[in-house]
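Just below is one structure, and these are the notes that go with it.
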Number of protein chains: 2
Amino acid sequence: MHSLCVRTHSECKLKMDNKKKIRISDIARLAGVSVGTVDRILHNRGRVSKEKRACVERVLKEVNYKPNLMARSLAMKKTINIIALIPSFKTGEYWEDINRGISCAETELDLYNVRIERILFNQYDELSFNKAVDTLLKKEFQGILIGTLFGEPVVRLSLELDNRKIPYVYVDSNIIGQNCLAYFGTNSYDGGYIAAKLLMEKIPENSDILISRIMRECKNCSTQICNREKGFIDYLTKCDYQGQIYYCDLSIDDPLYNTQVLDEIFNSTGKYIKGAVLFNSVCYVLADYLSRHREKQIKLVGYDLLARNIEHLLEGNIVNLIAQRPEMQGYNGIKALAKYLVTGECVPKVNYMPIDILISENIQYYNNQSI
Amino acid sequence: MHSLCVRTHSECKLKMDNKKKIRISDIARLAGVSVGTVDRILHNRGRVSKEKRACVERVLKEVNYKPNLMARSLAMKKTINIIALIPSFKTGEYWEDINRGISCAETELDLYNVRIERILFNQYDELSFNKAVDTLLKKEFQGILIGTLFGEPVVRLSLELDNRKIPYVYVDSNIIGQNCLAYFGTNSYDGGYIAAKLLMEKIPENSDILISRIMRECKNCSTQICNREKGFIDYLTKCDYQGQIYYCDLSIDDPLYNTQVLDEIFNSTGKYIKGAVLFNSVCYVLADYLSRHREKQIKLVGYDLLARNIEHLLEGNIVNLIAQRPEMQGYNGIKALAKYLVTGECVPKVNYMPIDILISENIQYYNNQSI
DNA sequence: CTGAAAGCGCTTACAG
DNA sequence: CTGAAAGCGCTTACAG
C-alpha cells in the first residue's frame, strides 16, 4: 500500500531541511492526496481509508508539521466561549485584580475568536454560587475558569464538567483530587509560613501575637485560610516560639464592635502583644483599629493588595503585605484554557504563583509590569 | 464631492451597532471605492485622489475600524527582524534570564512573522560592545533591544538609530535623555534604598556594615550600581545611622585574594561588622567567603537570582536577594518593539519593573509563573 | 489614480 | 471515502 505515497522519504527530508514552513498542501502533495483528506486526518474527522491515512501519517511523522494558527483561526469563523465563574467585587478589592488579568487575556485572545463571559457570585454566600452554577450549566461553552471559594459545590460542578468533557481551571486555591486542567494560585501553607517569618523578625523575641479572623466568612469556605494558619503556626513551632497567641473574631463592617473586642484584649492580658496577622485579604479591618488606638506599636502582617491595605502599608500601619499575583492567576488561567481549546496542548496541572513580599518602598512598582 | 459617498451616515451607524466586525471591504462598499483604495489610505501609500480620500476617511471615522491582525500577517509574507544586543552569558548568570524572556516573546511572535537575532558582547569589555555595534549596523533590521551596560556608546548608537528611524528599547538600566521607544528595568536608586532597609532590620542598631565592590567592573559602566549605592546610603542617612561603613574591592574570580582582603578587615577594626551588601549581581563572591569564615554572623543582602546566589540564600548565607524580573524585561522589551512595528502603537516610555524581595522560603515559587 | 484578481494557510460545505 | 472550490480579511502586484 505504500505505493500510494508518491513522494519518497528523501524528498520529505529535503522539504524539511529547506526551512520553509510546510503547509497542509505540501503534506497533501507529498502523500498524494488532497488537502481535505489531510485535514480530516489532522482533526480526526473520520471518513478516510486506511491506506490514505497510513500514507498521510507517514508523511506527517517525517515533516514535523506545525499548523499556522492564524490561518486556522481566520478560516474558522467558529468562536470559543469561555466562562469565568468568579466572585463579584468592588473597586479596590481582591477579585478585581484577578478580573483584570482575565480582561487582559480577553483582549489578546479576541483575535483568535475566543470570547469570555463572566458569571459572578457573592463570595460570602454559597447559595449565590450554586445559583450561578445553575445559570452557567444552561449555557453553551467550551471551557471555564472557576474561583474555588466553595470547596464542596466546586467539586460537584467539576464532576458535571468531567461528564460533559469541558475543561476547567481553578484559581485562588487548589482543590486536590479533581480533574481540573490546571490550577493557578499560591501554596497557602507556605504563604502562612512566610508571614510568620516576616512577623517574627520584626518583633522582640517571644512577644505575644494576635491572630484575627473575620466573622462573616462561612465556616466551610476557604481552605486557603486554614492552610495559611497552619503554615504560620508551624513556623512558630519550628522556632520554638514561647509567646502567647491570642485569637479574635472581627466584623468586616462594624468598626465599633471591633474596637470593643480589641480594646478588651489589649487592655487586659493582651497588653504584651507586639505582632498581629490576619489571613484573608481584609487586614485593613485590623489596621484601621491599630492605627487609631495603638500607634504603630504593633506590627501587622497581612495579605493582598487591596486599596485599603496599601494605604495602611504606606502609612506604616502594616509592615508587610504578602501578594500572590492575582492578575497573573486570571491571565494564565484563561490562556491555559484557550491554549488547550485551540491547540490541544496542556500546561502543567499545578502552577504555584510567586509569594511576593511587599513593603512600603517597593509597592509602587509592584503592578507596573504589564502581563 | 460628498455625493461620491454612496452610503449615508445612518447606514454606517447601522453597520456599527450590528456588532459584526467591519472589514476593509465594508469600508470600501460604504465609501463607494475598491478595497485597494482603502488599503492605500489606511497605510498612506499615496496615489489616491483627494475626493476618494476624504470620502473614505469620513467612513473610517464613523465605523471605528480595527484591522484583523491575523489576516494582515497572513497576507504579508514580509518578516520583521528585531535584534537583541545583549551580553553573552553562562548558565545561571543574570543575562540568561533576560534572554529567556526574549526567547519567550520570540516563540509567541513567530506567528506574526517576527524574527529575532541575538548579537552578543562581553559585558566586561566596552570594545566588544563597539564591535557588536559595527556588526549590527551592517544588518537589515526594523527594531532593536539594547542591554545598556555601556552608557556612552549606547548613546552614540541611539543617535545613529534615530537617524535611521529604527526604534530601540533599553533594558537593565535606563539612560535618560534618549529617544528610546521604551525602557524596562528597575529604579536602581530605590533598589538600593530597599536593600538598606532590609539589612537594617536584620542587624543590631548601629552595627557596622561592609559595602563590597567587584574590581573587574569598568569604571564607567554601570550607573545602575552607583544609583543603588546612593539609595542605600540615603536610607542610612534618613535613619540617622551611626555605625561605621567599610568598603572593599573584591575579585570576581580570585577567592584567595578575597579571603586575604576580607580577613584583614574583619580581623582588625572591622570586627564589629554585622551586615554586608554588594550592588551588582555576584554577591555569591562575598557569600562564599562569609559562609566559610564567618559562620552566618554577618547578614548579607544582594541582588539577582544567579544560581550561586540562590544556593547561598537557601543555606542562610544571604538573608535577602532583591530581584528585578529579568525575564519580564526581555519579554516586554521585545513585545513593545513588535507591537510598535506591527500596529504602530506605543507603550509607556519608562516601565519600572517590580523590586522583588526574596527569602529562602519564597524563592522556590519565584520563577514558576510563565510569562 | 483606481480596481479586479490572486494569494497567504487553513476549514468547510458540497458534489461525486 | 475523496477532491475541487469557495471563503476567512488583508496585501500586493498588475493592468488600465
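Note on naming: letters A, B, ... go to the chains in the order of the sequence lines (proteins, then strands), and numbering restarts at 1 for each one.
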What is the first contacted nucleotide of DNA chain C and what is the last, in 5' to 3' order, if contact means an atom lying under 4.0 angstrom from a heavy atom of chain B? C/dC1 to C/dG9
By salt bridge (charged side-chain N to carboxylate O under 4.0 Å, His left out) - contacts of A/E96 (at least two apart): none
Can you give the dot-bracket line for DNA chain C, using ( ) for pairs inside the strand, [ ] for pairs that cross earlier ones, | for pairs with another strand and . for unpaired bases, where Watson-Crick and G-U count if both distances are under 3.5 Å? |||.||||||||.|||
How would you list, by chain and number, every residue that makes a salt bridge (charged side-chain N to carboxylate O under 4.0 Å, His left out) with B/D162, sequence neighbours excluded? none
Tell me whether A/F89 at atom CZ has more than 12 heavy atoms from other residues, nucleotides or ligands lying less than 6.0 Å away. yes
Looking for any heavy atom pair under 4.0 Å, which part of the strands does B/D39 touch: base, sugar-phosphate only, or nothing? base
With sugar-phosphate meaning primed atoms plus P, OP1 and OP2, does A/R45 contact a base, only sugar-phosphate, or nothing at under 4.0 Å between heavy atoms? sugar-phosphate
For A/D172, check salt bridge (charged side-chain N to carboxylate O under 4.0 Å, His left out) against everything at least two apart and list the hits. none
Verify whether the ring centers belonging to B/Y183 and B/Y170 lie closer than 6.0 Å. no
Return yes when atom OH of B/Y340 has more than 12 non-hydrogen atoms of other residues, nucleotides or ligands closer than 6.0 Å, and no otherwise. no
Do A/R53 and A/E57 sit within salt-bridge range, that is, some charged N less than 4.0 Å from a carboxylate O? yes
Comparing nearest nucleotides in DNA chain C, the 5'-proximal residue of the pair A/S73, B/G36 is B/G36
Which pairs count as salt bridge (charged side-chain N to carboxylate O under 4.0 Å, His left out) when at least one residue sits in residues 132-143 of chain A, sequence neighbours excluded? A/E117-A/K139
